[in-house]
Asker: 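Below is the structure I would like to discuss, written out as structure tokens.
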Amino acid sequence: MSGFGGFLLRRAVGTVITLLAISVIVYVVFYVTPGNVAQITCGPRCSPAQVHQVAEQLHLGDPLYVRYWHFLQGLFAGQDFSTGTSLEHCAAPCLGQSYQTGQQVLDIILGKLPVSLSLVLGGMVLWLALGVGTGVLSAWRRGRVSERVLTGITLAGTATPVFVIGLVLMIVVCGELQLLPFPEYVAFTDDPEQWAWNLLLPWLSLALIEAATFARLTRAAMLETLAEDHVRTFRAYGVGERAIVGRHALRGAFAPVIALNANNVGSAVGGAVLTETLFGLPGIGQELVHAVKVVDLPVVVGMVLVIAFFVVLANAVADVLYAVADRRVVLA
């Protein structure tokens, strides 16, 4: 296949291969470790009988490639877990079973995922609007006082930790001014208005940090694009500055923004731990920290795989959007 269809097929195949490679790395890192893997997986409170049962479920007596094959089978075909008195089937994609709570890892993740996605997607809209808008304005007003002020603000935003901004916003907005309630997650399906109202402050905290990076990147890309020959040609033909910035320069400068946004969205699904902890949001990041504390290895492995999936998927989507936004990109 050639053209855009072939490009999509190659990206899809590359994404699957990357995910398989990540699954190998994750399995080796977590399940091929020194010490009693069954004891680590089951947790410190497991009895010897439970540890033996976990060792059988993980096929620890088999060669490494056989063990990994069983792990892969669970992801694509599901697997059965012994509860001591009966067998419990874990449907594909099976990420294992928590030996701390007895829940299937996928169910735990699906229960936390809406919170993290709500936080990240809402924050993404704000950080793109604030960051790209600030970057364009800063490049357009280059050399003026307003550009220096905007540059100073973005540098301050980059250097400020998210928990500092979050605390200040909570004290001022929720405490002193009482403009917003202290955040408490409400499911979108229960009350869309309260969902957005309670997440507005976490969105703003996350967006103010990320927007600073996007503003700097957009400004640099805009200045580079505005200095290119085709932009000078537009000016020579009398095209207005607003039209040049809005229709031509911004499109050329938006490609690196797409790539950065893909990395941010993918990693922020599980990486917004500080934001979730600060505002008490029960998302994937907070659950991952808890799983590490109680040494719930199946949950840790499942969380890492899901976060990796979102990172790879976001970058694959970014490749496609990159090609759409910039026609100079070769569809290799």
Asker: Tell me if the CD atom of E224 is crowded by more than 12 foreign heavy atoms within 6.0 Å.
Answerer: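 Open.
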Asker: Please tell me whether S98 and T101 have a donor and an acceptor in their side chains that are separated by less than 3.5 angstrom.
Answerer: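 Per modelled atom types, S98 and T101 side chains form a pair under 3.5 Å.
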Asker: Verify, without hydrogens or angle tests, whether S116 (side chain) and G283 (backbone) share a donor-acceptor contact under 3.5 angstrom.
Answerer: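 The answer is no, because no donor-acceptor pair under 3.5 Å joins these two groups.
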Asker: Could you tell me whether the side chain of V299 reaches within less than 4.5 Å of the side chain of V292, counting heavy atoms only?
Answerer: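 No. Closest side-chain heavy atoms not under 4.5 Å.
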Asker: Just by distance, do the side chain of R219 and the backbone of F214 share a donor-acceptor pair under 3.5 Å?
Answerer: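 No: the side chain of R219 does not pair with the backbone of F214.
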Asker: Do any side-chain atoms of residues 191-199 form donor-acceptor pairs under 3.5 angstrom with protein atoms, and if so which ones, sequence neighbours left out?
Answerer:
unit_1: D191; atom_1: OD1; unit_2: E193; atom_2: N; d: 3.2
unit_1: D191; atom_1: OD1; unit_2: Q194; atom_2: N; d: 3.3
unit_1: Q194; atom_1: OE1; unit_2: N198; atom_2: ND2; d: 3.3
unit_1: W195; atom_1: NE1; unit_2: S118; atom_2: OG; d: 3.1
unit_1: N198; atom_1: OD1; unit_2: E184; atom_2: N; d: 3.2
unit_1: N198; atom_1: ND2; unit_2: Q194; atom_2: O; d: 2.8

Asker: Are V115 and I284 close enough that some pair of their side-chain heavy atoms sits under 4.5 Å apart?
Answerer: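 Answer no - side chains too far apart.
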Asker: If you round to the nearest 0.5 Å, how far is CG of L206 from CG of L201?
Answerer: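 So the CG of L201 and the CG of L206 are separated by 11.5 Å.
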Asker: Distance from Q73 atom CD to Y68 atom OH, nearest 0.5 Å?
Answerer: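 OH of Y68 is found 11.5 Å from CD of Q73.
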Asker: If we ignore hydrogens and angles and just use 3.5 Å, is the side chain of S23 paired with the main-chain N or O of L20 as donor and acceptor?
Answerer: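 Judged by distance alone, yes, a pair lies under 3.5 Å.
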Asker: In Å and rounded to the nearest 0.5 Å, what is the SG to CG distance from C174 to L179?
Answerer: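 It is 8.5 Å, given to the nearest 0.5 Å.
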Asker: Would you say N315's side chain and V311's backbone share a donor-acceptor pair under 3.5 angstrom?
Answerer: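 Side chain of N315 to backbone of V311: a pair is present.
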Asker: Quick one: does E276's side chain have a donor or acceptor within less than 3.5 Å of a partner on Q286's backbone?
Answerer: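 Answer holds: yes.
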Asker: Just by distance, do the side chain of T15 and the backbone of R11 share a donor-acceptor pair under 3.5 Å?
Answerer: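 It does hold such a pair.
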Asker: Within a 6.0 Å radius of atom CZ on F309, are there more than 12 heavy atoms belonging to other residues, nucleotides or ligands?
Answerer: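 Check fails, neighbour count at 12 or below.
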Asker: To the closest 0.5 Å, what do you measure between NZ (K112) and CG (L117)?
Answerer: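 With rounding to 0.5 Å, NZ (K112) is 14.0 Å from CG (L117).
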Asker: Considering residues, nucleotides and ligands other than H290, do more than 12 of their heavy atoms fall under 6.0 Å from its NE2?
Answerer: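 Check fails, neighbour count at 12 or below.
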Asker: Could you tell me if the side chain of L75 sits less than 4.5 Å from the side chain of C94, heavy atoms only?
Answerer: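 They are not in contact (no side-chain heavy atoms under 4.5 Å apart), so the answer is no.
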Asker: So do P298 and L95 actually touch side chain to side chain, heavy atoms under 4.5 Å?
Answerer: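 The answer is no; the side chains never approach within 4.5 Å.
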Asker: Please list all pairs meeting salt bridge (Lys or Arg N to Asp or Glu O under 4.0 Å) that have one or both residues in residues 196-210, counting only residues at least two apart or in different chains.
Answerer: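 For residues 196-210, and leaving out neighbouring residues, there are no salt bridge (Lys or Arg N to Asp or Glu O under 4.0 Å) pairs at all.
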Asker: When rounded to the nearest 0.5 angstrom, what distance separates OG1 in T213 from CG in N261?
Answerer: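 Rounded to the nearest 0.5 Å, the OG1-CG separation comes out at 11.5 Å.
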